[in-house]
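Working notes for the structure below.
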Amino acid sequence: MALLRKINRILLMLLVLMVCLLLHNKLFRASPRPKLSGFDPGGAPRVVKETVSEADNVIPIIICASEERLGATMATINSIHSNTDASVFFYIVTLRDAVKLTRQYIQKTKLRRIKYKILEFNPMVLKGKVKPDSSRPDLLHPLNFVRFYLPLLDINHKRVIYLDDDVIVQGDIKDLFDIKLKPGHAAAFATDCDLPPTHEMVRSIGMQTTYMGFLDYRKQEIRELGINPSDCSFNPGVFVADINEWKKQKITKQLEKWMEENFKQNIYSSAVAGGVATPPMLIVFHDKYTTIDPLWHVRHLGWSPDTRYSDNFLQEAHLLHWNGRFKPWRYPGVHLDLWEKWFIPDPTRRFHLVRPESDD
């Protein structure tokens, strides 16, 4: 009997020990965060402990930062931060190799005062959707497609602003953020047929501003859309997005569908305008977007090194966009002074300006 009682005590002790271990694991084990469609938020360094949300009354800006164009991203951020009194929060999306450099660029310059979070984008989400068939490889950079996946980013906002990195903001970003989107619209863009001052430039450089310039109307899939080829296009490098409406309409799934279709049949990547990030947006948002004030997206500054806007017009512009081949941090280009005034030298000296007197 004594031996039996001893065995029972040992078994009881083991049972208590097992229960304690189970409770410990349940209470203190870190819960893994799910990876959402190619994003790995857990791999991104955090600069704030609390989650930033709508209640914090901030203006969330989403901008990408590629390793080779970090100085461009920082110039954009600097221009926004310097021209508003509003509380702006920057979500800086980059690839794994550039996370450390991005953080250093911010922390070792005057940008250390900004509020931000670095998010890491996993390019594997694009597998089977993008192939190298463009004359401009830079247009195939994985970060060009971040705008397709806004609801999957590690953010908590009903509305966000997305900006390309070749943009300078001269106005108060709050004015753009406060635009009223029409019911049922998931985004607001600037149409390519808006400002008369841009028409002369567009004609002089032969740039396409209609759907014909982006979609291959020889393909049956495009003709079946019923989109008039002479309809005005829009530029998706600057837009305001309603995240709830985006989710409701499954915009990301629609965009992925057209990416996959193009991967199989080249329904737009060989068209006049080139590139594969703009056409899916044009298709999905056709006649389903709110137009923004054209002065909030004065573009085409990067399409020709010889064509310039008037100084008066540029002073009125709230946002300048050097879309095209000729970027303001390289040479040749136009209106370089308007961009360079916001440029912050790279503390790691990896990114630098290319100017006529430069040896680079």
Side-chain angles (χ1 to χ4, degrees), residues 61-64 139 144-150 159-167 169 171 173 175-177 179-203 205-217 222 225-243 245-246 249 251-252 254-255 258-259 262 267-269 271-303 309 317-324:
I61 308 289
I62 296 173
I63 186 169
C64 296
L139 295 177
N144 274 347
F145 301 92
V146 166
R147 72 197 81 194
F148 289 11
Y149 296 95
L150 299 186
R159 172 180 290 206
V160 300
I161 295 176
Y162 172 89
L163 298 176
D164 277 351
D165 63 3
D166 51 357
V167 158
V169 175
I173 198 68
D175 294 338
L176 177 61
F177 185 72
I179 183 176
K180 185 176 181 180
L181 270 67
K182 295 180 180 179
H185 286 179
F189 303 92
T191 173
D192 283 327
C193 302
D194 47 21
L195 276 175
T198 68
H199 298 168
E200 182 179 349
M201 175 180 282
V202 166
R203 285 194 297 270
I205 61 180
M207 182 183 173
Q208 297 294 320
T209 59
T210 65
Y211 274 68
M212 176 64 80
F214 294 87
L215 306 181
D216 190 347
Y217 278 83
I222 295 300
L225 288 171
I227 298 175
N228 190 325
S230 63
D231 282 358
C232 287
S233 54
F234 60 83
N235 186 296
V238 174
F239 64 92
V240 181
D242 182 320
I243 299 300
E245 196 65 39
W246 191 294
Q249 298 182 31
I251 297 294
T252 296
Q254 294 187 57
L255 292 168
W258 288 106
M259 291 171 72
N262 183 66
I267 59 175
Y268 52 71
S269 59
V272 177
V276 291
T278 296
M281 300 281 280
L282 292 178
I283 293 172
V284 172
F285 285 101
H286 180 255
D287 278 347
K288 297 178 182 178
Y289 67 92
T290 300
T291 56
I292 66 176
D293 181 343
L295 288 175
W296 267 106
H297 195 176
V298 174
R299 49 211 178 278
H300 316 321
L301 278 76
W303 275 87
Y309 287 116
H318 305 315
L319 183 148
L320 304 174
H321 189 183
W322 279 262
N323 57 309

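What you see below is based on every heavy atom in this structure, not just the backbone, and it leaves out hydrogens, waters and symmetry mates. The residues of the chain are indexed from 1 along the displayed sequence.
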| said: Quick check against the 3.5 Å criterion: does D242 have a side-chain atom that pairs as donor or acceptor with the backbone of R159? | reply: no
| task | Tell me yes or no: between the side chains of D231 and H286, is some donor less than 3.5 Å from an acceptor? | result | yes
| query | Roughly how far apart are I227 CD1 and L282 CG, rounded to 0.5 Å? | reply | 8.0 Å
| task | Verify whether one side chain among Y289 and D287 offers a donor that lies under 3.5 Å from an acceptor in the other. | result | no
| task | Keeping the roles fixed (side chain from Q254, backbone from I283), state whether a donor-acceptor pair exists under 3.5 Å. | result | no
| said: Measuring from atom CD1 of I222 to atom CG of L215, what distance do you get when rounded to the nearest 0.5 angstrom? | reply: 4.5 Å
| Does the ring center of F145 lie less than 6.0 Å from the ring center of W258? | no
| note | All heavy atoms of D165 vs all of C64, minimum pair found to be CB-O, 4.0 Å
| query | If we only count heavy atoms from C-beta on, is the V276 to N262 side-chain gap below 4.5 Å? | reply | yes
| said: Treating S233 as the side-chain partner and T209 as the backbone partner, does any N or O pair qualify as donor plus acceptor under 3.5 Å? | reply: yes
| query | Could you give the distance from CH2 (W296) to CG (L320), rounded to the nearest 0.5 Å? | reply | 10.5 Å
| note | To the nearest 0.5 Å, atom CZ of F234 lies from atom OH of Y211 at 5.0 Å
| request: State the OG1-NZ distance between T290 and K180, to the nearest 0.5 angstrom. | output: 10.5 Å
| field | Aromatic ring pairing F285/F189, orientation class (parallel under 30°, perpendicular over 60°, tilted between) | value | perpendicular
| Is any side-chain heavy atom of L301 closer than 4.5 Å to a side-chain heavy atom of H321? | no
| query | Out of L163, T278, D164, I62, which residue meets the side-chain contact (heavy atoms from CB on, under 4.5 Å) rule with R147? | reply | D164
| field | Donor-acceptor contact below 3.5 Å, side chain E245 vs main chain P183 | value | no
| said: Within the structure provided, determine whether D192 and R299 are in side-chain contact (heavy-atom separation under 4.5 Å). | reply: yes
| Expected output: side-chain Y162 to main-chain A241 donor-acceptor under 3.5 Å | no
| query | Side chain of N228, backbone of S230: donor and acceptor closer than 3.5 Å? | reply | yes
| message | Looking at A190, is its backbone amide N or carbonyl O close enough to the side chain of H297 to form a donor-acceptor pair, meaning the two atoms are under 3.5 Å apart? | response | no
| said: I need the L319 CG to L176 CG distance, nearest 0.5 Å. | reply: 7.5 Å
| Are the side chains of V160 and W246 in touch, meaning some heavy atoms are under 4.5 Å apart? | no
